[in-house]
Amino acid sequence: MSLPVILTIAGSDNSAGAGAQADLKTITALGGYALTAITCVVAEVPGKVSAIQPIAPEIVAEQIRLSCAAFPVAAVKTGMLYSREIIEAVLAALPACPLVVDPVMIATSGDPLLREDAIALYRERLLPRATLATPNLDEARVLLGAPIPDLDAMRDAGPALVAKFGTAFLLKGGHLRGSTAIDLLFLRDGAVHEYAAPFVPGVSTHGTGCTTSAAIATGLARGLDLPAAVGEAKQFVTRAITNFLRWGSTDALHHFAPRA
């Protein structure tokens, strides 16, 4: 038996709700074999980031090179890259396959996860190599240089981002906090796909962006086209939120929630 292989290049989250740990759960749940290249060790729980220790860039690059030499990597996703030096190392080692870039800049808690001087490298070199970028609205605002306060602004921002960076964009509307969480996929050919699911109130977790991008990369590795991979990811994330886990005041996504 052979499973499609997906490499996640991301930070390590000790609470296992986001980062590489969330990616491992997602890829496994969706029928892939997950490899990891760890970029940072992050001490965090939902709602709080207390410490970040970056991994040496040469070690990040070697993790990628070694994995790609030993396994038939069918798709890659990037998450937290943190610094200019790590992004440069990743760019030098990336294999030629579908690439989903989750431009992790700001945690759900509001804590910064990307150094200011690294943003230019996202704009100039990483995003143009991507098959798809999956920013949340705060990250899309930074990339675009304009606020995106509502669904109409999302519809305007998508084509502008595609034109600016030459890649497809998925804009996720969950942070708008309406009764429906609407995501919009903007393709390079001008097509737009809309994905809607009920907004689940009262859940305070993290890792939805990591989970979404990992799910999309897994779909691409399994041979789905981009709209189908995004649709599957939307269903998966919605199920993980709806069936969330709770310990006291701490919530977590349920990556292995059964299908209805």
Side chain to side chain donor-acceptor pair (under 3.5 Å) partners of Arg155, counting only residues at least two apart: Glu194

Working for side-chain contact (heavy atoms from CB on, under 4.5 Å), residues Leu132 and Val101: CA-CA 6 Å; Leu132 175 70; Val101 173; over 6 Å; no

Asp183/Lys172 ion pair, N-O < 4.0 Å: no

Asp13 side-chain N/O to Gly19 backbone N/O, donor-acceptor pair under 3.5 Å: no

Short side-chain to backbone donor-acceptor contact, Lys25 and Ala16, under 3.5 Å: yes

Nearest-0.5 Å distance, OG1 of residue Thr238 to NZ of residue Lys234: 5.0 Å

Side chains of Thr28 and Tyr33 in contact at under 4.5 Å (non-hydrogen atoms): no

N/O donor-acceptor pair under 3.5 Å between Arg246 side chain and Ala252 backbone: no

Exam field: side chain Ser50 to backbone Ala43, donor-acceptor pair closer than 3.5 Å: yes

Test log, rule side chain to side chain donor-acceptor pair (under 3.5 Å), inputs Glu44 and Ser15: CA-CA 6 Å; Glu44 67 175 329; Ser15 73; 5.5 Å; no

Under 3.5 Å: donor-acceptor pair, side chain of Tyr195, backbone of Pro227: yes

By side chain to side chain contact (heavy atoms under 4.5 Å, CB included) - contacts of Thr36 (at least two apart): Thr8, Ala20, Leu24, Ile38

Nearest heavy-atom neighbours spanning Cys68 and Val73: SG-CG2, 4.0 Å

Which atom of Gln63 lies closest to which atom of Ile55, heavy atoms considered: NE2-CG2, 4.5 Å

Flag, side chain of Thr180 to backbone of Ala197, donor-acceptor distance under 3.5 Å: no

Taking every non-hydrogen atom, the tightest pair across Ala168 and Leu226: CB-CD2, 3.9 Å

Side-chain (Arg222) to main-chain (Ala217) donor-acceptor, under 3.5 angstrom: no

Donor-acceptor under 3.5 Å (Ser213 side chain, Cys210 main chain): yes

Partners meeting salt bridge (Lys or Arg N to Asp or Glu O under 4.0 Å) with Glu88 (sequence neighbours left out): Arg84

Check: Leu99 main-chain N/O paired with Thr131 side-chain donor or acceptor under 3.5 Å: yes

Expected output: side-chain Lys164 to main-chain Leu143 donor-acceptor under 3.5 Å: yes

Shortest non-hydrogen contact from Leu171 toward Leu161: CD2-CD1, 3.9 Å

